[in-house]
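By convention in this document, chain letters (A, B, ...) are assigned in the order of the sequence lines, proteins followed by strands, and residues within each chain are numbered from 1.
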There are 2 protein chains.
Amino acid sequence: MAETVRRSTSRYGSRPTMKDVAARAGVGLKTVSRVVNGEAGVTQDTERRVQEAIEALGFRRNDSARVLRKGRTATVGLVLEDLADPFYGPLSRAVEEVARAHGALLINGSSAEDPERERELALALCARRVDGLIVIPAGSDHRYLEPEIRAGVATVFVDRPAGRIEADAVLTDSFGGARQGVAHLIAGGHRRIGFIGDLPRIHTAVERLRGYRAAMEDAELPVADGWVSLGPTDPERVREAAAAMLSGPEPVTALFAGNNRVTVTVVRLLAEWERPVALVGFDDIELADLLGITVVAQDAAALGRTAAERLFRRLEGFDDAPSRTELPTVLHARGSGEVPPAED
Amino acid sequence: MAETVRRSTSRYGSRPTMKDVAARAGVGLKTVSRVVNGEAGVTQDTERRVQEAIEALGFRRNDSARVLRKGRTATVGLVLEDLADPFYGPLSRAVEEVARAHGALLINGSSAEDPERERELALALCARRVDGLIVIPAGSDHRYLEPEIRAGVATVFVDRPAGRIEADAVLTDSFGGARQGVAHLIAGGHRRIGFIGDLPRIHTAVERLRGYRAAMEDAELPVADGWVSLGPTDPERVREAAAAMLSGPEPVTALFAGNNRVTVTVVRLLAEWERPVALVGFDDIELADLLGITVVAQDAAALGRTAAERLFRRLEGFDDAPSRTELPTVLHARGSGEVPPAED
DNA sequence: TAGGCCCTGGACAACGTTGTCAGGAGAAGC
DNA sequence: GCTTCTCCTGACAACGTTGTCCAGGGCCTA
């Protein structure tokens with residue numbers, strides 16, 4: 001009475017293999033493999049029998065075994081900061097589309113701006129043998145990736161360059177963009193301009209600050225100590241920083257916001273502020289046109305697309321020296337950046 | 001002279017294995033495995049020697065082989081519509097966090113609202129032997145997943161229920177939310193209200209329309225044919241639909257927008273419209289508070305979190321009948337929904 | 001001192017697939 | 001009719017890891 005449950009007939013948690021399909025179709029294992037992979041050299045009749053067995057058993061090829069054998073996973077990894085940030089969604093999507101065009105899947109993970117977590121994630125992806133890796137760095141030392149790169153994992157850094165290793169990087173021209181945005185405010189008559197940016201360990205924050213200083217210097221304007229603030233971009237800190245700049249002994253008449261999160265917080269603050277204050281933000285924001293927010297826009301999707309294309313060129317064997325690409329920014333004047341300086 | 005290049009010393013594209021590490025450390029293969037996995041039964045001295053060999057060779061465990069042997073991948077898949085849509089970023093991130101807490105990685109893919117692509121993606125993830133699958137359906141027939149589910153792939157549907165199969169679903173109360181939003185407009189004195197929603201094959205679109213009709217019926221208000229529009233949510237179509245409702249023979253005095261994309265387009269249109277029109281949208285939008293847009297908000301992160309938690313409970317062996325969870329919505333009155341009806 | 005136990009380490013098979021190679025059947029050419 | 005060639009098919013090993021099982025040595029106990 002007791003029925004022996006063979007692996008291939010167990011109802012749950014086990015799957016038919018090519019061997020099972022072969023047995024059912026009455027053919028050899030390799031023939032099934034050929035059918036599954038569309039290889040030539042199988043008669044129509046045999047192929048039909050195999051297909052029927054596949055259907056009947058609900059067979060699906062085990063890609064882990066395939067990867068083990070072939071060495072390539074057709075998968076790329078993307079380590080970014082936070083997928084919930086509207087800047088990264090389009091970037092990730094653009095990478096995915098390029099990957100898809102090359103028949104690859106994308107695994108992405110959020111580092112939450114934590115260097116240790118970035119490292120864990122990147123190495124976990126390497127352990128899964130992704131063919132390539134796109135990283136938006138949280139940390140500033142990427143030597144931990146050296147063995148992986150040597151072992152053949154193509155790696156491209158996006159938005160911020162790699163730290164302490166040579167590698168491809170696709171960046172936005174943060175320096176030029178910030179300089180342009182601040183120059184726009186200066187052209188509007190402002191002479192006291194504040195800068196609120198991200199943590200100083202973040203490359204783009206430093207570059208944008210450099211752009212700000214360059215624009216001020218170009219116009220021979222002094223920069224008071226209190227006009228510059230680099231730090232975490234949580235609303236509380238940004239609010240405080242902005243409020244301080246707006247109410248100090250030398251209150252600024254305009255603000256330059258270093259990224260989209262800062263811009264949003266400043267917009268909220270300025271909505272309650274009695275005195276009109278000009279604002280230019282780095283990064284575009286949805287509905288910014290309706291709110292009349294002037295921004296220096298970068299193209300997140302182009303960033304992702306460019307990086308992914310470079311990655312796949314590497315995977316196709318292109319073996320040049322690591323390069324750095326900088327994408328331009330575009331200034332959208334929508335009102336907030338054209339507010340004239342308030343009279344003292 | 002000719003030097004034989006052994007696999008393990010080839011400079012590029014090949015990687016050391018446990019065997020190489022074992023040889024270098026002068027121990028057995030299994031001992032390396034023990035060290036790598038932190039298993040007990042290795043003396044401190046041996047462990048140190050192995051660790052040194054691992055460092056020196058830059059060894060990293062090949063997870064494909066591991067998966068092949070163990071059967072579990074510690075990976076879950078998420079099929080969503082479009083990662084660039086601000087609704088899905090937070091959802092995906094929430095799933096990722098739950099996965100991370102369970103030691104799993106997340107692979108996500110965008111279906112671009114194409115049923116065929118949803119199917120391809122979901123099956124590709126199954127071929128990679130994800131432990132579980134979270135799907136935001138684009139199509140309405142998910143029988144193709146039956147063999148996978150039978151084979152043990154835990155599957156949870158989010159935002160929209162599965163079609164033609166029994167499976168867990170975590171949804172937003174679209175019906176209730178829309179009813180509440182439309183009732184809010186009615187309470188404000190509106191009697192002619194338009195509804196603009198997504199494609200009729202999308203479950204949430206239909207549910208929200210049902211909610212709209214229920215609210216109108218509750219108030220014993222008629223619904224004219226021209227007041228309802230279901231279709232693609234590209235700006236052109238939505239603009240046309242809204243303009244038609246606003247200028248027909250019985251022009252509406254208020255609009256209910258079926259999702260965030262529709263809301264944004266309608267807000268843009270109303271900004272240029274001479275007559276004041278009330279608007280309530282389904283889904284919250286960044287900066288909607290500043291623009292004074294009244295919305296029925298759903299919590300995308302909660303949706304993702306709830307679905308992921310259910311998925312992992314299943315993976316831990318919880319084996320109940322498929323369940324359906326509906327999360328509540330919240331009405332945020334911010335101005336646009338409180339515009340009184342224009343006099344005729 | 002003998003016997004038994006525990007601790008450490010290694011040999012071996014298995015996971016499911018694909019590449020290599022060889023064999024067999026049938027067709028074509030002499 | 002026999003050889004040669006082509007086409008189809010299947011046996012087998014290998015990919016890198018982990019689970020099972022066994023051996024050897026050291027230590028404790030009687």
In this structure, which one of [options] forms a side-chain contact (heavy atoms from CB on, under 4.5 Å) with [X]?
X: B:Ile136; options: B:Leu80, B:Asp82, B:Leu303; result: B:Leu80
X: B:Glu39; options: B:Asn37, B:Val42, B:Val35, B:Val36; result: B:Asn37
X: A:Arg201; options: A:Pro115, A:Ser140, A:Pro137; result: A:Pro115
X: B:Leu57; options: B:Glu52, B:Arg15, B:Arg24; result: B:Arg24

Taking the side chain as C-beta and beyond, is there a heavy-atom pair between [X] and [Y] under 4.5 Å?
X: A:Val27; Y: A:Val50; answer: yes
X: A:Leu105; Y: B:Leu125; answer: yes
X: B:Leu133; Y: B:Glu148; answer: no
X: A:Val153; Y: A:Asp131; answer: no

[X] [atom1] to [N] [atom2]: how many Å, rounded?
X: B:Arg61; N: C:dC15; atom1: CZ; atom2: P; answer: 20 Å
X: A:Arg66; N: D:dC15; atom1: CZ; atom2: C1'; answer: 14 Å
X: A:Asn62; N: D:dT17; atom1: CG; atom2: C1'; answer: 14 Å
X: A:Leu29; N: C:dT18; atom1: CG; atom2: P; answer: 9 Å
X: B:Asp20; N: D:dT17; atom1: CG; atom2: P; answer: 9 Å
X: B:Met18; N: C:dG10; atom1: CE; atom2: C1'; answer: 15 Å

Query - Nearest-nucleotide 5' precedence on DNA chain C, B:Glu47 against A:Arg60 - result: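 First, find each residue's nearest nucleotide; the 5'-ward one identifies B:Glu47.
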
Can you name the atoms? Protein N/O to nucleotides 19-23 of chain D N/O, anything below 3.5 Å, with the distance.
{"from": "D:dG19", "atom 1": "OP1", "to": "B:Lys70", "atom 2": "NZ", "distance (Å)": "3.4"}
{"from": "D:dG19", "atom 1": "N7", "to": "B:Lys30", "atom 2": "NZ", "distance (Å)": "2.7"}

Query raised in the report: Between B:Arg160 and B:Ala138, which heavy-atom pair has the shortest distance, and what is it?
Result: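 Closest approach of B:Arg160 to B:Ala138: NH1-CA, 4.1 Å.
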
Query - Worked verdict on B:Asp63 versus A:Arg129 for salt bridge (Lys or Arg N to Asp or Glu O under 4.0 Å) - result: CA-CA 7 Å; B:Asp63 271 353; A:Arg129 296 294 186 270; over 6 Å; no

Report task. Tell me which of B:Lys19 and A:Gly28 sits closer to the 5' end of DNA chain D, going by the nucleotide each one is nearest to. Result ->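 Mapping each residue to its closest nucleotide by heavy atoms, the 5'-most match is A:Gly28.
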
So, is [X] near the phosphate of [N], with a side-chain N or O under 4.0 Å from OP1 or OP2?
X: B:Thr43; N: C:dG9; answer: yes
X: A:Asn37; N: C:dT18; answer: yes
X: B:Thr46; N: C:dG9; answer: yes
X: A:Thr31; N: D:dG10; answer: yes

Query raised in the report: Closest to the A:Leu68 side chain: D:dT18, C:dG16, C:dT17?
Result: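 The answer is C:dG16, which lies nearest to the side chain.
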
Requested in this report: With the side chain of A:Val27 defined as its heavy atoms from C-beta on, choose the nearest nucleotide among C:dT18, D:dT17, D:dG10.
Outcome: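 My answer, after comparing the listed nucleotides, is D:dG10.
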
**Report entry** Residues touching DNA chain D, which here means a heavy atom under 4.0 Å, drawn from residues 121-132 of chain B
**Finding:**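 Contacts with DNA chain D under 4.0 Å: none.
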
Query raised in the report: Are the charged groups of A:Arg100 and B:Glu120 less than 4.0 angstrom apart, N to O?
Result: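 B:Glu120 and A:Arg100: salt-bridged.
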
Identify whether any heavy atom of [X] sits under 4.0 Å from a base atom; if not, whether one sits that close to sugar-phosphate; answer base, sugar-phosphate or nothing.
X: B:Val36; value: nothing
X: B:Val67; value: nothing
X: A:Ser33; value: base

Requested in this report: Taking atom types as modelled, find out whether A:Glu96 and B:Ser110 have a side-chain donor-acceptor pair closer than 3.5 angstrom.
Outcome: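 The criterion, which ignores hydrogens and geometry beyond distance, is satisfied for B:Ser110 and A:Glu96.
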
Query raised in the report: Looking at five pairs on each end of the helix from C:dT1-D:dA30 to C:dC30-D:dG1, what is the angle between the two axes, given to 10 degrees?
Result: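 So the angle between the two local helix axes works out to 50°.
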
